[in-house]
Protein chains: 2
Amino acid sequence: MKAVTMQDVADRAGVSPKTVSRVVNNEPRVSESTRKKIEKVIDELSFKPNKSAQSLAADRSLLIGLLYDNPSSTYVVDLQAGVLGVCNKFGYGLVIHPCENDSPELIQRLRELLVSSRMDGLVLTPPMTENQELLDFLVSSGTPYVLISPLDNSQSELSVSVDDSVITQQAIQSLIDFGHRRIGFITGLRKRSGSEMRLLGYQQALEKNNISYDESLIVQGNFTFGSGVLAAQELLRHENPPTAIFASNDYMAAGVMKAALQLRISIPHELSLCGFDDTPVAGYMSPGLTTIRHPLERLASHAGELLIRQLKKHTQPLEVETLKSELILRGSTGPVNNKTN
Amino acid sequence: MKAVTMQDVADRAGVSPKTVSRVVNNEPRVSESTRKKIEKVIDELSFKPNKSAQSLAADRSLLIGLLYDNPSSTYVVDLQAGVLGVCNKFGYGLVIHPCENDSPELIQRLRELLVSSRMDGLVLTPPMTENQELLDFLVSSGTPYVLISPLDNSQSELSVSVDDSVITQQAIQSLIDFGHRRIGFITGLRKRSGSEMRLLGYQQALEKNNISYDESLIVQGNFTFGSGVLAAQELLRHENPPTAIFASNDYMAAGVMKAALQLRISIPHELSLCGFDDTPVAGYMSPGLTTIRHPLERLASHAGELLIRQLKKHTQPLEVETLKSELILRGSTGPVNNKTN
DNA sequence: GGATCTGATGAAAGTGCTTTCAGTGGATAA
DNA sequence: TTATCCACTGAAAGCACTTTCATCAGATCC
């Protein structure tokens, strides 16, 4: 089962290896006729270029890296799926790199990875997208990268984003439409722009509906189940408790559900609850959790394609496609229960 | 920032590139003194061999593949973490390959991947571990592989396994110790050996405690939330319903919880519930779900190491370490409620 | 019509490592 | 002592591509 080489193709097509190489790499300066001829032979022999040889000769690895630091495995898997898809499409390999954004060794580790894997470019996800030290390092080392960001960061060609504030506003609006006026908000880690954008969306929705912003309804969480429980307890023991709670992710929402159960507050009759991320938990809770779903896989594939097109020389620029997040309505939200009013 | 080559090291150490290569690859026939000397230079220059060149010259990619087809993303991420760890340790790259075991194109896709990525070996996970056609293909194509299997499949050096039956038996025993005698069992997909092993463990536990096996307490599920709901409904409407239910995974257990809620059956007071896998859901449900945790990451790293040692020429065989699954007790299981008796 | 340009093609020289095979010198055997 | 062996080392030839640069015919120009 000896592998077919470029030389084999060249011989069969009656051209030089260089011309085959031109066709393989989509280079110009090949007459249409010889291109067709060579493509035919490539097909017949089902020739695949040897990646190692390509890398060695061209001094590029045909590898891109995906950096993430996210406790939600569904999030990670969706990202991977997206990037993997484009990688396959363009003949690139994917190097996955789970990391710890807060680790002092982050950059050192990455540097090692960059040396050993020689990745041609990187896709960064939050929170690394906001790690300035990291970004500086990448720029200084000349590593191309693309960000998947929760900001509408249209600043550059370098990022793909969905605006968390827009969809959050929509979710809050849906609660308001159900008649809720006092809506608790559990934040994520405040330093993350995603958290800030969600809070912003909340504020915008209130403003739009002339509901005054009550600081005491905003409780700090840290994206974990436990923090959701605590935050909910605080909110639900409020002297004038909210009739709805928006949690900045599903895990905290699950925490709210637990707290509500403990306090014998029924969802959605006495309390409406909305999460964020549409993790499997959301569907498996009782009642199902109303939540927000980002088109993660497509975001990731978009980011990957952006990166790869930037890396390849002879490619058309990517047409931009608008990606929309979705509000998933389930049983955890509903009309305000009037008996309490 | 020109990269350091083997030649540079050779020059600085006053030896030939070949000797440096010997040191890098841990080959024998190098005197201790020159080995030390070369290692010193490698350190000073922080030389890393160029993977592409290595691959090209030695005709091996230094890549291993991880094949999985599992809806649980935590499962997938744990596996990846395990294999990734070993890969880094041994200077290998990891190619992740989510696939569909039932797809007729599975083998074709894999063949393409094998051609384009030239992976040196594969780690297979269930259900691919039981896909004979796939295994045959791998053997015939001469691709080394290692299995992560739920069978105690000590048949070969080629597999790493934990015996699902043992830990299931333990879980059922714990229910029996709580006084349960009628224990419902929701199976997974029956063709999977993991499912069979779990059922076997259930049967063994009953037998050991002289509890007769009641076929009507066994309901078929398919690992999904929905199937859990249905199975639970069937069990709970049984004329002589079980006081405890074992679901073959957490998702189905979540389904049971939902069904119980609908039927106003309280967990754990009126019904004990045990899941399998210890996914995040288990911790986020109310009450928390008693479940079983496999040491997945370590299984995966073990499998990876087994594979890589097999691939590398100059390595010691791996000492076997016994990996144990764990029963995680949470609020969903408890003593039989005597008021119903 | 000769000079110049241009698009298409190929020859040759890398790319950084491993392989194969040929030494080399000292130790062991006869 | 001489033949044999063995541990250690290196020279040279790849590996399958890409790069650079040269070539060459036909088109374009004045």
Under 4.0 Å between any heavy atoms, over every strand shown, what does [X] touch: base, sugar-phosphate, or nothing? Just pick one.
X: A/Pro49; answer: sugar-phosphate
X: A/Thr34; answer: sugar-phosphate
X: B/Val30; answer: sugar-phosphate
X: B/Val15; answer: sugar-phosphate

OP1 or OP2 of [N] under 4.0 Å from side-chain N/O of [X]:
X: B/Thr19; N: D/dT9; answer: no
X: A/Ser16; N: C/dG10; answer: yes
X: B/Gln54; N: C/dT18; answer: yes
X: A/Ser55; N: D/dC17; answer: no
X: B/Gln7; N: C/dC17; answer: no
X: A/Ser21; N: D/dT18; answer: yes

Pull out every protein N or O sitting under 3.5 Å from an N or O of nucleotides 12-15 of chain C, one pair per line with the distance.
none

Next on the checklist: If you count every heavy atom of other residues, nucleotides or ligands that lies below 6.0 Å from B/Glu100 atom CD, does the total exceed 12?
Outcome noted: no
Checklist entry - Is the count of non-hydrogen atoms from other residues, nucleotides or ligands lying under 6.0 Å from B/Asp136 atom CG greater than 12? => result yes
How long is the line joining [atom1] of [X] and [atom2] of [N], in whole Å?
X: B/Lys37; N: D/dT9; atom1: NZ; atom2: P; result: 8 Å
X: B/Leu62; N: D/dC15; atom1: CG; atom2: P; result: 19 Å
X: A/Arg29; N: D/dT18; atom1: CZ; atom2: P; result: 18 Å
X: A/Glu32; N: C/dT9; atom1: CD; atom2: C1'; result: 16 Å
X: A/Arg118; N: C/dG16; atom1: CZ; atom2: P; result: 8 Å
X: A/Asn26; N: D/dC17; atom1: CG; atom2: C1'; result: 17 Å
X: B/Arg60; N: D/dC15; atom1: CZ; atom2: C1'; result: 13 Å
X: B/Met6; N: D/dG10; atom1: CE; atom2: P; result: 13 Å

Next on the checklist: How bent is the helix from C/dG1-D/dC30 to C/dA30-D/dT1, measuring the angle between the end axes built from five pairs each, rounded to 10°?
Outcome noted: 30°
[X]: salt bridge (charged side-chain N to carboxylate O under 4.0 Å, His left out) partners, not counting sequence neighbours:
X: B/Arg109; result: B/Glu105
X: B/Lys324; result: none
X: B/Glu44; result: B/Arg12, B/Lys40

Checklist entry - Going by heavy atoms in the side chains, are A/Asn25 and A/Gln54 under 4.5 Å from each other? => result yes
Next on the checklist: Is the shortest side-chain heavy-atom distance between A/His302 and A/Ile148 below 4.5 Å?
Outcome noted: no
Next on the checklist: Under the rule for side-chain contact (heavy atoms from CB on, under 4.5 Å), what residues qualify as partners of B/Ser52, not counting sequence neighbours?
Outcome noted: A/Ser55, A/Leu56, B/Asn50
Item to check | A/Arg22 side-chain proximity, nearest of C/dT18, C/dG10, D/dA16 | outcome: C/dG10
Item to check | No-hydrogen, no-angle side-chain donor-acceptor test under 3.5 Å, A/Gln80 and B/Gln80 | outcome: yes
Checklist entry - Should A/Arg35 and A/Asn26 be marked as a side-chain contact (heavy atoms from CB on, under 4.5 Å) after you check the CA-CA gap, both sets of side-chain angles, and the distance that decides it? => result CA-CA 10 Å; A/Arg35 187 182 295 273; A/Asn26 237 316; 4.3 Å; yes
